[in-house]
Participant: 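This is the structure, below, for whatever I ask next.
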Amino acid sequence: MAKQYWLMKSEPDAYAWDQLVHDGTGMWDGVRNHTAKLNMMAMKVGDEAFFYHSNIGKECVGIMRVTEESFPDPTAEPGSPWVVVRVAPVRALTHPVTLAAIKADPKLADMDLIRQSRLSVGRVTPDEWKHILKKSEKAEG
DNA sequence: GCCAACGTTGGC
DNA sequence: GCCAACGTTGGC
């Protein structure tokens with residue numbers, strides 16, 4: 001299957017990009033939403049995801065790679081349906097791409113991030129992925 | 001099975 | 001701090 005792309009949100013207060021870079025790898029735990037869970041279950045090793053800082057920053061700050069496919073969330077009650085994936089940082093974006101910049105771009109208006117603002121793990125199409133990468137190379141969104 | 005109440009998330 | 005979106009819960 002072709003590589004898939006994702007966007008994963010975290011409040012930097014709780015878990016920030018710098019922390020993931022520092023750790024070298026991270027378990028994406030604590031997801032308690034079924035749509036997000038299904039997305040995580042669809043992830044394959046090698047898929048890439050934007051790390052998005054919600055609430056504080058409200059911007060995509062880096063790229064990470066899925067290194068281990070979904071398995072039961074050890075922070076959840078035994079028998080509950082929640083899962084985690086393991087991720088590793090690939091690189092920081094040259095410039096963060098803000099939510100405002102994404103909203104302002106008609107090409108990105110249909111993203112999960114926009115249409116379902118509360119979804120913490122969303123799909124990104126290859127076109128959207130490329131487009132956001134291109135934006136991240138420019139100084140302003 | 002419907003729906004109102006309530007809690008949480010996240011942008012503004 | 002407010003509010004919209006949306007998920008969950010509980011009464012009926």
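Per chain, numbering begins at 1; letters A, B, ... match sequence-line order. Below, all heavy atoms of this structure are taken into account, side chains as well, without hydrogens, waters or symmetry copies.
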Participant: Starting at NZ of A:Lys9 and ending at P of B:dG10, how long is that distance when rounded to a whole Å?
Facilitator: 5 Å
Participant: Return the nearest nucleotide to the side chain of A:Arg118; candidates are B:dC12, C:dT8, B:dT9.
Facilitator: B:dT9
Participant: Measure from NZ on A:Lys37 to P on C:dT8 and round the result to the nearest Å.
Facilitator: 10 Å
Participant: What is the distance from CG of A:Asn55 to P of C:dA5, rounded to the nearest Å?
Facilitator: 17 Å
Participant: How long is the line joining NE2 of A:His53 and C1' of B:dG11, in whole Å?
Facilitator: 17 Å
Participant: Closer than 4.0 Å, any side-chain N/O of A:Lys103 to the OP1 or OP2 of B:dC12?
Facilitator: yes
Participant: Rounded to the nearest angstrom, tell me the gap between atom NZ in A:Lys58 and atom C1' in B:dT9.
Facilitator: 13 Å
Participant: When you measure from the side-chain N and O atoms of A:Tyr52 to the phosphate of B:dG11, is any distance below 4.0 Å, counting only OP1 and OP2?
Facilitator: yes
Participant: With a 6.0 Å cut-off on ring centres, are A:Trp6 and A:Tyr52 close enough?
Facilitator: no
Participant: Are any of the side-chain nitrogens in A:Arg115 or A:Asp110 under 4.0 Å away from the carboxylate oxygens of its partner?
Facilitator: yes
Participant: For A:Glu11 and A:Ser54, does a side-chain donor sit closer than 3.5 Å to a side-chain acceptor?
Facilitator: no
Participant: OP1 or OP2 of C:dT8 versus the side-chain N and O atoms of A:His34: is any pair under 4.0 Å?
Facilitator: yes
Participant: In terms of side-chain heavy atoms of A:Gln116, which of B:dC12, B:dG10, C:dC6 is nearest?
Facilitator: C:dC6
Participant: What is the distance, rounded to the nearest whole Å, between atom CZ of A:Arg32 and atom C1' of C:dC6?
Facilitator: 18 Å
Participant: Separation of A:Glu59 atom CD from B:dG11 atom P, in whole Å?
Facilitator: 11 Å
Participant: Which nucleotide in the set C:dG7, B:dG11, B:dG10 lies at the smallest distance from any side-chain heavy atom of A:Asn33?
Facilitator: C:dG7
Participant: Apply the test ring-ring contact (aromatic ring centres under 6.0 Å, His included) to residues A:His34 and A:Trp82: give CA-CA distance (whole Å), side-chain angles for both, the deciding distance (0.1 Å), then the verdict.
Facilitator: CA-CA 8 Å; A:His34 290 286; A:Trp82 309 116; 4.6 Å; yes
Participant: Determine, step by step, whether A:Lys3 and A:Glu48 satisfy the salt bridge (charged side-chain N to carboxylate O under 4.0 Å, His left out) criterion, reporting the C-alpha distance in whole Å, the side-chain angles of both residues, the deciding distance to 0.1 Å, and the verdict.
Facilitator: CA-CA 8 Å; A:Lys3 191 198 287 186; A:Glu48 290 188 308; 3.3 Å; yes
Participant: Between atom CG in A:Leu113 and atom C1' in B:dG11, what is the gap in whole Å?
Facilitator: 11 Å
